[in-house]
Amino acid sequence: MSPATRAGHECWSYEDQGLFDAYARRCVDAGLAAGERVWYVPSHNSEVTPLPGGDAVRVIRFAEAYAGDQVVDPAGQVAAYAAATEDALAAGFTGFRVVADVTPLVRTDEQRDAFARYEYVIGRYMRHHPMSAVCAYDRGELGEHAVAELACLHESSHAAGVTFQLHPGATSAEAVLDGELDTSAGELFATALRRTDLDRAGDEVVVDGSGLRFIDHRALLTLQRYAESQSTTAVLRTRLGAVARLAGLLELTHVRVEAAR
């Protein structure tokens, strides 16, 4: 994804620190060009080359942005960034952009579970407010599987080895599912579903799969198990005509497939 437009919610996975630093600088420049207030949050305490932009751009120490390397409080962290967004708007900026290396917050299983849940809910906030973010993870330190658990919950991901993205939809009862779901994605998809906070509208949640290119029967069964565990019906909307036929053959009781408009 080019940083020349609003970044949305993007995951950037890296092994070469220099390449990420160069991309972060481009994102900062794009934010300044768009009239946004920009925070750059490196994950280390070494000196960072000063950035241009005056009050519009700040290098934020990691502990200031995320309360150190503890297990994140998803609701608290969203509230903190919501306040920063409102401050930016009040100061006359068009929005708020964060470029952050959050590797220290996902080193353990407990940290990663909490931060993955945060990634989903901050994505919902960004969908409805003028905030965007690039979340960076050191793939060399964390490993590909750990990064994939987080990357798939963003609108887009770079070099993360994931085949699908699951991110918030227009309402709290809706998620967006893009990409391809085959055998290799099964466990990751199940984990991602558990980390969403879909809130039923009536007795249903909606999965907007209009951007799906492929989904196999195992993924449909995973969605069935998730919906059953939540005592709800998952409405999958897709342009893939064969999916409805496949769901019928599987006799799914908690998944309904509809044609996407």
Spatial distance of atom [atom1] ([X]) from atom [atom2] ([Y]) [nearest 0.5 Å]:
X      : Y      : atom1 : atom2 : answer
Thr108 : Phe115 : OG1   : CZ    : 12.5 Å
Thr233 : Glu204 : OG1   : CD    : 6.0 Å
Ser172 : Asp197 : OG    : CG    : 7.5 Å

Handout entry: Derivation and outcome, side-chain contact (heavy atoms from CB on, under 4.5 Å), residues His9 and His167
Key = CA-CA 9 Å; His9 191 204; His167 51 95; over 6 Å; no
Is the shortest distance from a Lys or Arg side-chain nitrogen in [X] or [Y] to a carboxylate oxygen in the other one below 4.0 Å?
X      : Y      : result
Asp29  : Arg26  : no
Arg37  : Asp87  : no
Arg195 : Asp113 : yes

Handout entry: Closest approach of Ala175 to Leu166 (non-hydrogen atoms, all atoms of both residues)
Key =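 For Ala175 versus Leu166, the nearest heavy atoms are CB-CD1, 4.0 Å.
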Exercise for the section: Would you name the heavy atoms of Thr232 and His254 that are closest together and state the gap between them? Expected result: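 Closest pair (atom of Thr232, atom of His254, distance): O-CD2, 3.1 Å.
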Exercise for the section: Using the side-chain contact (heavy atoms from CB on, under 4.5 Å) rule, take Thr196 and Tyr226 through it: C-alpha gap first, then chi angles, then the decisive distance, then the call. Expected result: CA-CA 11 Å; Thr196 66; Tyr226 167 78; 3.6 Å; yes
Practice task
Using atom types as modelled and distance alone, determine if a side-chain donor or acceptor of Arg58 lies under 3.5 Å from a backbone N or O of Val41.
Solution key: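 No.
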Practice task
Flag the pair Ile215 / Phe164 as yes when at least one side-chain heavy-atom distance between them is below 4.5 Å, and no otherwise.
Solution key: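 In short, these two side chains do not touch, never coming nearer than 4.5 Å.
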Practice task
Decide yes or no for Leu89 and Pro130: does some side-chain heavy atom of the first lie under 4.5 Å from some side-chain heavy atom of the second?
Solution key: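 Sidechains of Pro130 and Leu89: in contact.
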Do other residues, nucleotides or ligands put more than 12 heavy atoms under 6.0 Å from [X] [atom1]?
X      : atom1 : value
Asp203 : CG    : no
Glu144 : CD    : no
Glu187 : CD    : no

